[in-house]
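Right, one structure below, let's go through it.
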Amino acid sequence: MHLSPDDLIFWQYGFLKLNATILYTWGLMLILAAGSKIVTRRLSIGLERAHGQNLLEIVIIATYKHIEDVGLRQPRRYLSFVGTLFLFIAIASLFTIIPGYAPPTGSLSTTAALALCVFFAVPLYGIKEQGLARYLRSYLEPMPIMLPFNIIGEFSRTLALAVRLFGNMMSGTMILAILLAITPFIFPVILSALGLLTGMVQAYIFSILATVYIAAATNSARPDSMRPNRSSLQENVAKADKPALEREK
Amino acid sequence: MLIDWFTVIAQAVNFLILVWLLKRLLYQPILEALDARERRIAAELADANAKKMEAEKERHVFQQKNDEFDLQRAELLRKAVDEARAERGRLIAAARQDAQELRAKWERALKLEYHNLSQAIARQTCAEVFAIARRVLADLANTTLEAHMVEAFIKRLRKLGHEEKVQLTSAVRMPALVTSVAAGDEKLVPGIMVRSVFELSAAQQSMIESVLKEILGGEVPFEVPVRFAAKPDLISGIEVVMNGYKLAWHVADYLASMEKEIEEVLKTHFQPESESELKSQAEDKA
């Protein structure tokens with residue numbers, strides 16, 4: 001038994017290798033791309049639409065709404081990244097019902113790769129939204145002494161992302177394997193169903209955390225109207241006090 | 001080691017490729033479809049709003065027309081009521097006029113009938129009065145009355161006017177024919193006939209004959225025989241008949257002349273009015 005699908009190597013040439021993680025990932029990519037192509041081949045803009053289109057629309061609209069709810073002003077800009085994270089992790093978990101399949105997200109390499117993608121995406125989106133200087137200045141907030149902690153936070157949260165997903169997915173697979181050895185009939189099925197639920201929850205958590213991180217990085221780019229309107233409050237107080245001051249004069 | 005760095009790099013690249021693929025194959029088409037649907041729904045809503053506005057406008061126009069129609073209907077109804085009232089008044093006036101004319105006609109007819117009846121009653125009354133008078137006089141007729149009548153007749157003969165005397169004389173000179181009454185038959189016989197209700201006494205006969213001779217004999221020789229006869233129809237009186245000329249004095253003549261006068265009075269009183277009434281009735285019928 002392999003602890004990670006990385007260990008199942010089909011082909012290797014020096015540093016290059018083709019393991020189960022990469023192969024299953026390709027499979028998932030193929031399925032997602034082909035499925036998307038099939039569904040979007042004949043899209044309906046009317047009220048009558050196919051089940052596949054309906055399902056994908058529900059997923060995309062829900063993702064869009066979540067991105068919007070987190071506070072990102074232009075959800076379309078982040079939809080591809082966040083949506084793909086969710087769909088990839090969710091489909092990888094969903095396919096665990098297929099015997100002999102090992103989810104690529106059960107590999108720490110995959111989760112690390114996804115976390116690294118988030119790690120690099122966050123500053124990229126932040127710089128794109130508010131410029132390099134303002135983005136870098138955000139590391140000095142609320143005070144410059146927080147700079148090391150902010151940097152540590154960046155790395156630790158990336159590590160946490162990777163390990164959380166890996167731990168959950170790997171544990172599910174491991175527990176299932178162990179239970180199959182001990183009680184091969186009922187419990188593996190129940191835990192398999194539980195694993196599905198865990199996978200979906202992890203997909204949601206991973207994607208929503210990535211969104212939150214991006215939102216935190218682009219937060220300063222939000223318009224003033226979205227923030228607590230301290231300056232307008234001050235103006236109102238000033239306006240209210242002005243007549244009183246004039247009366248005193 | 002749990003992390004294989006080649007796999008990490010490969011998975012990162014795979015993930016980025018997947019992002020690109022899904023962006024191209026999934027998100028863009030679906031988002032475009034959603035946008036298109038939103039645009040379509042917005043267009044449909046806008047169209048529906050426009051149609052609603054148009055319908056509202058048309059409803060307003062229709063309401064306005066309906067109100068105008070109601071006003072026109074009320075106006076027409078009011079006019080019709082006014083015309084009906086005017087027509088009713090006109091018809092009532094015409095009916096009243098007709099009724100008045102009918103009433104006037106009826107009154108005229110009633111008046112005419114009343115006059116006719118009055119005339120008839122008057123005539124009947126006269127006839128009755130005369131009949132009673134005749135009967136009374138007939139009942140009273142006796143020899144004493146006859147003697148008085150002879151005296152009255154003689155007085156009358158003596159008071160004859162010149163023209164009457166001439167006429168009497170010319171009648172006497174004509175071929176002597178007198179009406180003879182015998183057994184109810186009248187026939188012309190020669191001579192002078194003196195008729196009375198009762199048989200005259202010889203003294204009375206000779207007195208009358210002498211008076212006649214006295215009147216007529218002065219100019220012509222009196223050779224004409226004088227006959228005497230009784231005629232009960234005379235009621236009371238005496239008459240002299242010769243050659244179609246008759247000289248009489250009797251109550252029946254008075255009565256006849258009185259009756260004739262009354263007839264004339266009735267005619268003059270009723271005739272013009274009745275004639276105009278008959279003329280107007282004829283016009284009404286026409």
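Each chain gets a letter, A, B and so on, in the order its sequence line appears, and its residues count up from 1. Just so it is clear, the values below take in all heavy atoms, side chains as well, and ignore hydrogens, waters and symmetry mates. Just so you know, these numbers come straight off a predicted model, no measurement behind them.
When each of B/Leu21, B/Asn14, B/Ile41 is scored by its heavy-atom pairs under 4.5 Å with chain A, the top score falls to B/Asn14. Listed options B/Val13, B/Ile17, B/Leu31, B/Leu16 were ranked by heavy-atom pairs under 4.5 angstrom with chain A; first place goes to B/Leu31. In terms of non-hydrogen atom pairs under 4.5 Å with chain B, the most contact-rich of A/Ile45, A/Leu43, A/Ile22, A/Leu108 is A/Ile45. Ranking A/Ala113, A/Ser80, A/Gly35 against chain B, the residue ahead of the rest is A/Ser80, based on heavy-atom pairs under 4.5 Å. Comparing B/Lys23, B/Arg37, B/Glu38, B/Arg24 by how many heavy-atom pairs each has under 4.5 Å with chain A, the most go to B/Arg37.
Note that A/Arg76 lies outside the cation-pi zone of A/Tyr64, set by a 6.0 Å cut-off to the ring centre and a 45° limit from the axis.
Between A/Trp11 and A/Tyr13, the ring planes are parallel. Angles under 30° get that label, and only those over 60° would be called perpendicular.
Classification of B/Glu87 and B/Arg90 as a salt-bridged pair holds, one side-chain N sitting under 4.0 Å from a carboxylate O. Taking a cutoff of 4.0 Å between a charged side-chain nitrogen and a carboxylate oxygen, B/Glu68 and B/Lys65 do not qualify as a salt bridge. The pair B/Asp47-B/Lys52 fails the salt-bridge criterion, with no side-chain N (NZ, NE, NH1 or NH2) lying under 4.0 Å from an Asp/Glu carboxylate O. Using a 4.0 Å cut-off between charged nitrogen and carboxylate oxygen, A/Glu129 and A/Arg77 count as a salt-bridge pair. B/Glu101 and B/Lys105 are not joined by a salt bridge, as no carboxylate oxygen comes within less than 4.0 angstrom of a charged side-chain nitrogen. Ion pair B/Glu75/B/Arg78 flagged as a salt bridge, since at least one NZ, NE, NH1 or NH2 atom sits closer than 4.0 Å to an Asp/Glu carboxylate oxygen. Between B/Asp4 and A/Lys17, at least one side-chain nitrogen of the basic residue sits less than 4.0 Å from a carboxylate oxygen of the acidic one, meeting the salt-bridge criterion. The existence of a salt bridge linking B/Lys79 and B/Glu83 is excluded, since no basic side-chain nitrogen approaches an acidic carboxylate oxygen closer than 4.0 Å.
Contacts between A/Leu87 and chain B at a heavy-atom distance below 4.5 Å involve the side chain alone, from C-beta outward. Contacts between A/Thr63 and chain B at a heavy-atom distance below 4.5 Å are absent for every atom of the residue. Contacts of B/Ala10 with chain A are made by side-chain atoms alone, with heavy-atom separations under 4.5 Å and no backbone atom involved. Only the side chain of B/Leu22 comes within less than 4.5 Å of a heavy atom of chain A; its backbone N, CA, C and O stay farther away. In this structure, the portions of A/Leu32 lying under 4.5 Å from any heavy atom of chain B include both its backbone and its side chain. Neither the backbone nor the side chain of A/Phe120 comes within contact range of chain B, judged by heavy atoms closer than 4.5 Å.
Taking 4.5 Å as the heavy-atom cut-off, the residues of residues 53-62 of chain A that approach chain B are A/Gln53, A/Leu56, A/Glu57, A/Ile60, A/Ile61, ordered by number.
Side-chain polar atoms of B/Gln11 and A/Thr25 form a donor-acceptor pair below 3.5 angstrom.
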